[in-house]
Amino acid sequence: MQPRTFSLRYRPQIFEELFDQEHIKRTLINAIERSKLAHAYLFTGPRGVGKTTTARILAKSLNCEKGQGAHPCNQCSACIEITASKSMDVLEIDGASNRGIDQIRDLRENIRYLPTGGRYRIYIIDEVHMLTTEAFNALLKTLEEPPRHVIFVFATTEPHKVPATILSRCQRFDFKRIPAHVIAERLSMIIAKENLDLDKDAIALISEIADGGLRDAESVLEQITTFKEGRITALDVTELLGIVPQERFVGFLKVLRGGSEKEILLFLEEIFKQGYDVAEYYFGLIRFIRSLLLYRLGINKDDFGVLGSEALSEAENHHPKNLAKILERFLRAEEVFKKSLEKTILIETISLSLLYTDNEQNQAHQKINPPQTPRSNPSPVKEEPETDTPSGSKETSKQEHETEKGEQLATKKEEPGKPSSLSSLWKSFLVELSQEQSFLTLALNSSALLQENENTLHIGITGSKFNLDIIEHDKNDLERRFSEIANRRVRLVFEILEKEEEKTDAKKMENTSVDDILDIFKGEIIR
Ligand SMILES: Nc1ncnc2c1ncn2[C@@H]1O[C@H](COP(=O)(O)OP(=O)(O)OP(=O)(O)O)[C@@H](O)[C@H]1O
Ligand SMILES: [Mg+2]
Ligand SMILES: [Zn+2]
């Protein structure tokens, strides 16, 4: 009977059937043919890229009764037993469930026996990083003086968890993620053999989202063909997997290019209304923009099957620098995004910040009327002269006004002997930061100085908790830069400021996201 799942049915049985991993194939074939085998191999790499498969082909090559070097016959009883995992001489051990010292002791006992039929006894230990320290120590003794007839193949997705003493006794092979176009090639082979009908775009999409894992790609293919009969399109794939169709990303770039704040917010609102998972959208957008960027730079041309024609023509409207900037903004917020409870607002905020840097100031002034100069303005407007240092006050708006006044100060290093107050240095630091127009700047725009001690500044953050998350993420860097300006080590303490008044009316509630953004930009909607 044929195995049910594609990945078992089509598991490569000889080196030639293995896709990609060329250097590994070549080195192993050479070693087998020249009888220059190591006693222990370590196969590392992500899931489903051929580690176990290769270990078995290696075992078959060594024990095939026909003894044809690196070309096992797959017909003799040794080959057949290995394929069916029934060989007495090839033992596959799951390191995750046999992680203790006792199991390794058993293994050491076992090793002493000569092979029953074949020339070698081959021990394949999967997930080897799961072994306990004692088990590793016991294993080490065996690795130091292995019997001639024994070969170990350790496989792991997490090589950094394998002790150096073990690593140094293994020949290591790093299995790579498999490029999307190679995955597509293999899927096409399976599709032909199974008589399936898939659009080229559908194949490209499955190959892309598998993210280098062949087994994953095969299981998606299998899932989709049980889910739907007849011709399968890219849209079927997106529906089945709940992923966002590409046109939703193309649309994003379009509004970003030509739209206003309102259009961008409405566009995003529409996306999330449609029920797409926010994280799916965020990470999908990152992958999409990366693909576009690589395309624009002419890198990895083979992997662009996944970009539809609409995406390719939109790409022409974006300078690679622009794409790189968008990518950078979204990537920078990744950690914050993962933790944030306000993921949609976060996406909205990043998008608006991109709009501002893109369209410079013009558009920002049309729709949102900042009561004061936005901090993202690259040419700060001068106001009244500096007054006294705010300290201890929690009155947000007043503090922000103070911050505003600081804009006239150029950031300069503090001269020894003439110490300026930390708060005034902080204000000018903010101005300097605002030139960078980063996501961090946006978050800091809603900050207010609370208190100043000799070497500590307490800064309140208004708006949502995610503003604080963003700032905390870059805090070390901020402290380092600010300490440089202040000429001494300064600690920055950030805390959330309570909103002065909770706005409870229903209309407000509906538009929380817009409100929050306006909060950050210190703006209001003009109707
Ligand atoms: N390089 C490859 N060429 C062809 N098929 C592959 C390759 N890698 C993986 N596959 C497919 O994926 C299935 C699983 O591969 P395999 O068990 O070798 O992965 P693995 O790297 O050991 O993964 P894991 O870390 O999850 O154990 C294979 O049966 C095969 O169908
Ligand atoms: Mg495996
Ligand atoms: Zn054989």
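When a ligand or atom number is given, it counts from 1 through the structure's own listing order.
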Should [X] be counted as touching ligand 1, given the test is an N or O pair under 3.5 Å?
| X | value |
| --- | --- |
| G48 | yes |
| R47 | yes |
| G50 | yes |

Protein contact to [atom] [nearest heavy atom, distance to 0.1 Å]:
| atom | answer |
| --- | --- |
| atom 17 (O) of ligand 1 | R11 NH2, 2.8 Å |
| atom 1 (N) of ligand 1 | F19 O, 2.9 Å |
| atom 31 (O) of ligand 1 | E218 OE1, 2.7 Å |
| atom 7 (C) of ligand 1 | L214 CD1, 3.4 Å |
| atom 25 (O) of ligand 1 | K51 NZ, 2.8 Å |
| atom 26 (O) of ligand 1 | R215 NH2, 2.2 Å |
| atom 15 (O) of ligand 1 | T53 OG1, 3.5 Å |
| atom 27 (O) of ligand 1 | T52 OG1, 3.8 Å |

Indicate yes or no: does [X] engage [Y] in a salt bridge with an N to O separation below 4.0 Å.
| X | Y | answer |
| --- | --- | --- |
| R215 | E218 | no |
| K475 | D477 | no |
| D211 | R287 | no |
| E328 | K325 | no |
| R491 | E479 | no |
| K254 | E310 | yes |
| E127 | R99 | no |

Is ligand 1 under 4.0 Å from a heavy atom in the side chain of [X], in the backbone, in both, or in neither?
| X | value |
| --- | --- |
| T54 | neither |
| P12 | side chain |
| L8 | neither |

(message) Does F252 form a side-chain contact (heavy atoms from CB on, under 4.5 Å) with Y281? I'd like the steps, not just the answer.
(response) CA-CA 11 Å; F252 176 80; Y281 191 75; 3.4 Å; yes
(message) Is the shortest side-chain heavy-atom distance between L139 and I166 below 4.5 Å?
(response)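 Touching, per the 4.5 Å side-chain cut-off.
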(request) Please tell me if the side chains of F154 and V162 come closer than 4.5 Å, counting only heavy atoms from C-beta onward. (result)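 Of all side-chain heavy-atom pairs linking V162 with F154, none is under 4.5 Å.
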(message) Looking at ligand 1, is there an atom of it that comes within less than 4.0 Å of some heavy atom belonging to D20?
(response)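 It does not; every heavy atom stays at 4.0 Å or beyond.
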(message) So for A155, does at least one of its heavy atoms come nearer than 4.0 angstrom to any atom of ligand 1?
(response)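 It does not; every heavy atom stays at 4.0 Å or beyond.
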(message) When you measure from the centre of the six-membered ring of Y10, is the NZ or CZ of K193 closer than 6.0 Å and no more than 45° off the axis?
(response)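 That pair does not qualify as a cation-pi contact.
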(request) Pick whichever of E127, R186, Q21 has a heavy atom sitting closest to atom 30 (C) of ligand 1. (result)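 Ranked by closest heavy atom to atom 30 (C) of ligand 1, first place is R186.
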Under 4.0 Å from a heavy atom of [X]: which atoms of ligand 1 are those, numbered in the order shown and with their elements?
| X | result |
| --- | --- |
| S7 | 13 (C), 28 (C), 29 (O), 30 (C), 31 (O) |
| I178 | 1 (N) |
| T157 | 25 (O) |

(message) Just to confirm my numbers, could you give the angle made at the Zn ion (ligand 3) by SG of C73 and SG of C76, rounded to 10°?
(response)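 Approximately 100° at the metal, rounded to tens of degrees.
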(request) Using a cut-off of strictly less than 2.8 Å, determine whether T53 has an N/O/S atom near the Mg ion (ligand 2). (result)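 For T53, the answer is no, given that no N, O or S atom comes within less than 2.8 Å of the Mg ion (ligand 2).
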(message) Can you see whether S219 engages D216 through a side-chain donor-acceptor pair at a distance of less than 3.5 angstrom?
(response)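 There is no such pair between these side chains.
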(message) Test salt bridge (Lys or Arg N to Asp or Glu O under 4.0 Å) on E17 and R11; report intermediate values, then the result.
(response) CA-CA 8 Å; E17 284 172 3; R11 170 169 252 169; over 6 Å; no
